[in-house]
Amino acid sequence: MSNKKISSREEDYSQWYNDLVIRGNLADYSSVRGCMVIKPHGYAIWENMKDALDKMFKDTGHVNAYFPLFVPKHLFEAEEKNAEGFAKECAVVTHYRLKNDPENPGKLIVDPEAKLEEELIVRPTSEAIIWSTYKNWIQSYRDLPLLINQWANVVRWEMRTRLFLRTAEFLWQEGHTAHATAEEAIEETERMLDVYETFAREYMALPVYKGVKPEHEKFAGAEKTYTIEAMTQDKQAIQAGTSHYLGQNFAKAFDVKFQNKEGVEEYVYATSWGVSTRLIGTLIMAHSDDEGLILPPKLAPIQVVIIPLFMKDAAVNNMLIEKAQELKNQLLSHNIKVKVDLDESKRPGFKFAEYELLGMPVRVVIGPRDLEQGKIEICRRDTKEKYLSDLMHADLHINQLLVDIQHNIYDKALKFRTDNTFEVVDYEEFKDVIQHKGGFVIAYWDGLEETANKIKTETKATIRCIIQNNEDSSKLCVYSKNKAKHKVIFAENY
RNA sequence: CGGGGUGUAGCGCAGCUUGGUUAGCGCACCUGGUUUGGGACCAGGGGGUCGCAGGUUCGAAUCCUGCUACCCCGACCA
């Protein structure tokens, strides 16, 4: 570790974020442009997210499957809007073999004789390959609904990348479902948005706004895109998950029809929905502080770390270790994820700082001084408050503390969002909020892309989502002063 | 793709303007000792084709040319 301190949010928010990712052992840059290595600590968070989400998907009737990484070009281009939307950020496989370079011994060149008949697109999303498969799986209304999810990696050749928030390759889940009716598909789209909202709230301790993307911001190939939007500590918006109602667009493009009960052939109705490793970036930006990561207990790879304070005296040290192991076993019986740090080469102060950086929710210190009174020291990461607790009942205290921390982090994030969300009717006030205070601005919009573009050019703020359609004829667009179509959230965004 | 910047030990950097024996510092690492209740200290030690290729020169990390990679700002985006 080169520097003791990480950058503060105040002086350089962006650098603070990078420092946390790198120094917090979540991920590292790799030798591939735009691609990151997810390190064990970061991957463990992803595994916890994955486990929780996977259960929620299964509880709502979905099953997992896996589809190929490569999409033949003719399938990729089948749904025109989808293809057009992703075309400019696709990695393409054109050859299948290398050979020794005759000019440069020890070097390899692409074998020109190994050119593929048809290029393969590395999936930026899997609708094409999946719907070309669904065609074979769906004949009857009895085959519906088809509720499938896949955990996968995808590649989008982004111009500028940022660890977790926008990488060229990322991990995600993508649900792809087929339904007999539009109503049922829309219901599914909204159900999965609710799943994401619940996951964000209960596991990530993250309040999110649910809403619908305006026409000009919806997913390429979708009829309607739903989104959850979170607020970061620099008061910007971040899209944390999306759920799309695809109508019959993909069914038509891939000719996926079923016979209904009346024997009539119909195209099926589709949805797709996904969240990615971007959630890890969102988690950091929402909760962490200048000391390091703050992880919600429900997603922390290790929830409690126990540090015995070693002395010269071996007998004392053995006693400390024994007490630490006892407490560990007590905590394990509550299904708490716990680690005992027996490393004697690091001093306590170093360990305290290190575990704060890594975001362990609770730290327990077992030292001879307190132990004489049968006490141990418990420190919570979110507030850094310290308590003395009876060793005997420490497991109960800690169990409760983990619950309190989970709630406190949520409450804090909610308060921050509330304090930084403003409802405005006047455009001057709108500009003032966006440019000087920052945050979410709730305002009315006339529904025109042109208006949204003007606002974006003048303030950098974009429409994050429509939270309500407007019926009230007295409500006017904050910019154009024409009759408003929607109540929306504006913000600068990641 | 436009504008700017940087490549010297695992990481962060100095040295380059004004070329000169053995390329230096901090952190990290290894060994030994003393320490241990908020990022320990002392002593010793290991680690470098100075981004790549060519040129100028008696001599290049340093000057010149070309290339390349990465970072930042913009356009684009989950």
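In this text, all values refer to a predicted model and were calculated from it rather than measured experimentally. Proteins come first, then strands; the chains are lettered A, B, ... in the order of their sequence lines, and each starts at number 1.
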What donor-acceptor contacts under 3.5 angstrom involve side-chain atoms of residues 297-306 of chain A, with partners at least two apart or in another chain?
| from | atom 1 | to | atom 2 | distance (Å) |
| --- | --- | --- | --- | --- |
| A/Gln303 | OE1 | A/Lys337 | N | 2.7 |
| A/Gln303 | NE2 | A/Pro297 | O | 3.0 |

RNA chain B in dot-bracket form (Watson-Crick or G-U pairs under 3.5 Å, [ ] crossing, | inter-strand) is (((((((..((((......[...)))).((((((.....)))))).....(((((..]....))))))))))))....

Across all chains, not counting sequence neighbours, the side-chain hydrogen bond (donor to acceptor under 3.5 Å, both in side chains) partners of A/Thr282 are none

Looking only at B/rC29, B/rC76, B/rA78, the nucleotide nearest the A/Thr167 side chain is B/rA78

Sorted by chain and number, sequence neighbours left out, ring pair (Phe, Tyr, Trp, His ring centres under 6.0 Å) with A/His62 holds for A/Trp273

Separation of B/rA75 atom C1' from A/Glu158 atom CD, nearest Å, is 13 Å

Applying ring pair (Phe, Tyr, Trp, His ring centres under 6.0 Å) to A/Trp157 and not counting sequence neighbours gives none

Applying side-chain hydrogen bond (donor to acceptor under 3.5 Å, both in side chains) to A/Thr457 and not counting sequence neighbours gives none

### Query
Base, sugar-phosphate alone, or nothing: which one does A/Arg363 contact when heavy atoms must sit under 4.0 Å apart?
base

Here the distance between atom C1' of B/rU35 and atom CD of A/Glu344, to the nearest Å, is 12 Å

Quiz item: Between A/Lys213 and A/Glu229, does at least one N-O distance fall below 4.0 Å, as a salt bridge requires?
Solution: yes

### Message
Give me the distance, rounded to whole Å, that separates B/rC71 from B/rU34 when you measure between the C1' atoms they each carry.
### Response
44 Å

Under 4.0 Å between a side-chain N or O of A/Lys312 and OP1 or OP2 of B/rU36? no

*Below 4.0 angstrom from OP1 or OP2 of B/rA78, is there any side-chain N or O of A/Arg278?*
no

